[in-house]
2 protein chains.
Amino acid sequence: MWSYARRVPKPEVDPTVSLELSVDRSSPVPLYFQLSQQLEAAIEHGALTPGSLLGNEIELAARLGLSRPTVRQAIQSLVDKGLLVRRRGVGTQVVHSQVKRPLELSSLYDDLEAAGQRPATKVLVNTVVPATAEVAAALGVAEDSEVHQVERLRLAHGEPMAYLCNFIPPGLLDLDTAQLEATGLYRMMRAVGITLHSARQTIGARAATLAEAERLAEPEGAPLLTMQRVTFDDTGRAVEYGTHTYRPSRYSFEFQLLVRG
Amino acid sequence: MWSYARRVPKPEVDPTVSLELSVDRSSPVPLYFQLSQQLEAAIEHGALTPGSLLGNEIELAARLGLSRPTVRQAIQSLVDKGLLVRRRGVGTQVVHSQVKRPLELSSLYDDLEAAGQRPATKVLVNTVVPATAEVAAALGVAEDSEVHQVERLRLAHGEPMAYLCNFIPPGLLDLDTAQLEATGLYRMMRAVGITLHSARQTIGARAATLAEAERLAEPEGAPLLTMQRVTFDDTGRAVEYGTHTYRPSRYSFEFQLLVRG
DNA sequence: TCAATGCGTATGTCCGGACAATCGAACTAC
DNA sequence: GTAGTTCGATTGTCCGGACATACGCATTGA
């Protein structure tokens, strides 16, 4: 029963690669981090080819004048990123690429900018409203208490791409309309010292209502991609609740998943 | 400019919680893993309430008769899962809940089963076909080379939920139709020793074609949720390419994201 | 009253070593 | 020739300690 899988992983193991590595002990940057960055750069740059062995940890540590735990910490961080695979009794090898980056807690603004498009934002609504039951539950505030509401239209190349409706608890952020149009909501949060921690997302689809269709320049009933998200900071507070709709012809969610080891 | 965010994180720090913890040194289960599981269970169970401090590592290590690195390894694994947050000079505290589980590389079958629904599968097609350019590129095989094709209909409560079309490289798996109907594709892969490593996914939406609509008992032109996925094992081989369509009224993607620290 | 300073505390980083578990390949025996 | 065994190589786990760094708080000073 094991024969199928056992037979195929051919011993196509590239020889161990010798690499120029060095660390700066006078730098405030942790040694393991310096090492992991150099290794990551070498992988990205192609100096470490997929499948190649990294050489055993003990010798690597000796070569760099580091201890084995430090080297292990560097390697482990890259394993967690999905760039390396460890095999007991064999060694550590570079994963056969295709790995770009795992799914991050990214904003649409960052996504678009990374794709080379300069996103434009049009703020439609920027006001304070009493929280509905749905919003209150998501943000963990009292019903009918005041929350900020922001509605935005995100454009690329002059075409509407997404309609974003967000609710933000009061007192967190100075929601300046000009700033909202110049950057993304997440950046504004990070800029005032909020440490984003996690988010709960739901991605679905539905037919566009008349109002939605008009906003996105689509016909009524057209399929829309929807996303709802509650974002939490590291203290556990909900810092944002959003309901977004995307034009599926212009945008889709693309990401990399890693199995949890 | 920092005032907004700085002022809000009130010192609502719950007192340190004392907990019954113990490890079994005769067990083959690693000590750090025993500890992390107990801590996770305590959080899940409510013994460790959100916001409560975990007590310093040194004392915890002493209390358990473990070394500090071992305790740190246990704690770190829970930090990586998003359950705990470390603060230098403060301590380690339980994240303010809402955290269920991060996005995993899960199959629809597992998702449904976890939701308490007993999924049913109907295999529509189970054959071998020459790879189209699209399939060949995704799986990294030669065009027109033979690949397995499996088309399945996934049902819950007798209603169709999703239509799954998958391509699998030859020689990997024994694609028994009965087995495909009894379990999921990922389980079959794991059962023959394939170690799943990562997947590249794209989630979008579109209007149903006539054929798609009929298969899913939807009207033509109805919005569908779509997902394409290429899955890789730890040797970097592509082991599966799939094109799935879901009924958005019956299924949506729901998951938790963590920021990469 | 408010800002600057110092101190205790907890995590962050790093070291050097030890033994166990596992994989692959060479070797041996049948 | 084939199956089983042994053995070297490499990572996995764990220990005990040391010093650095950052945060919160109390104290001090203007």
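Each chain gets a letter, A, B and so on, in the order its sequence line appears, and its residues count up from 1.
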List, one per line, each side-chain donor-acceptor pair under 3.5 Å for residues 66-76 of chain A, sequence neighbours excluded.
{"unit_1": "A:S67", "atom_1": "OG", "unit_2": "A:T70", "atom_2": "OG1", "d": "3.1"}
{"unit_1": "A:R68", "atom_1": "NE", "unit_2": "A:E57", "atom_2": "OE1", "d": "2.9"}
{"unit_1": "A:R68", "atom_1": "NH2", "unit_2": "A:E57", "atom_2": "OE1", "d": "3.0"}
{"unit_1": "A:R72", "atom_1": "NH1", "unit_2": "A:E57", "atom_2": "OE1", "d": "3.3"}
{"unit_1": "A:R72", "atom_1": "NH1", "unit_2": "A:E57", "atom_2": "OE2", "d": "3.1"}
{"unit_1": "A:Q76", "atom_1": "OE1", "unit_2": "A:R86", "atom_2": "NH1", "d": "2.8"}
{"unit_1": "A:Q76", "atom_1": "NE2", "unit_2": "A:D80", "atom_2": "OD1", "d": "3.1"}

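- Legend: residues meeting side-chain contact (heavy atoms from CB on, under 4.5 Å) with B:Q179, ordered by chain and number and at least two apart, are B:D176, B:T183, B:M188.
- Sequence neighbours left out, the pairs with a member in residues 37-49 of chain A that pass salt bridge (Lys or Arg N to Asp or Glu O under 4.0 Å) are A:E40-A:K81.
- To the nearest angstrom, P of D:dC14 lies 11 Å from CZ of A:R72.
- The aromatic rings of A:Y241 and A:F167 sit parallel, their planes meeting at an angle under 30°, below the 60° perpendicular limit.
- One can place CG of A:L64 at 13 Å from P of C:dC14, the figure rounded to the nearest angstrom.
- Atom CG of B:L35 and atom P of D:dC15 are 11 Å apart (whole Å).
- The phosphate of C:dT11 has OP1 or OP2 within less than 4.0 Å of a side-chain N or O from B:T92.
- In this entry the distance linking CD of B:Q73 with C1' of C:dT13 reads 16 Å, nearest Å.
- Within the structure, a side-chain polar atom (N or O) of B:R25 is placed less than 4.0 Å from OP1 or OP2 of D:dC15.
- Taking side-chain N and O atoms only, A:T70 has a distance below 4.0 Å to OP1 or OP2 of C:dC15.
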Review item, nucleotides 18-20 of chain C N/O atoms under 3.5 Å of protein N/O:
{"unit_1": "C:dA18", "atom_1": "N6", "unit_2": "A:R68", "atom_2": "NH1", "d": "3.3"}

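- When rounded to the nearest whole Å, the span between CG of B:L84 and C1' of C:dG12 equals 16 Å.
- Separation of atoms CE (A:M227) and CD (A:Q201) is listed at 4.5 Å; rounding is to 0.5 Å.
- For A:T195, there are no side-chain hydrogen bond (donor to acceptor under 3.5 Å, both in side chains) partners, not counting sequence neighbours.
- Mapping A:R87 and B:P69 onto DNA chain C by nearest heavy atom places B:P69 closer to the 5' end of the strand.
- Heavy-atom distances to DNA chain D give each of A:P28 and A:G91 a nearest nucleotide, and the one nearer the 5′ end belongs to A:G91.
- Straight-line distance from the OH atom of A:Y32 to the P atom of C:dT13: 4 Å, rounded to whole Å.
- Among the heavy atoms of the strands lying under 4.0 Å from A:P30 are primed sugar atoms or P, OP1, OP2 only; no base atom is included.
- Distances were taken from every side-chain heavy atom of A:S67 (C-beta onward) to each of C:dC15, D:dG16, C:dT11; the shortest belongs to C:dC15.
- Between the C1' atom of C:dG12 and the CD1 atom of B:I58 lies a distance of 12 Å, rounded to the nearest Å.
- Remark: P of D:dA22 and CG of B:N56 are 20 Å apart, rounded to the nearest angstrom.
- Scored by the side-chain contact (heavy atoms from CB on, under 4.5 Å) test, B:E59 finds B:N56, B:R63 as partners (sequence neighbours excluded).
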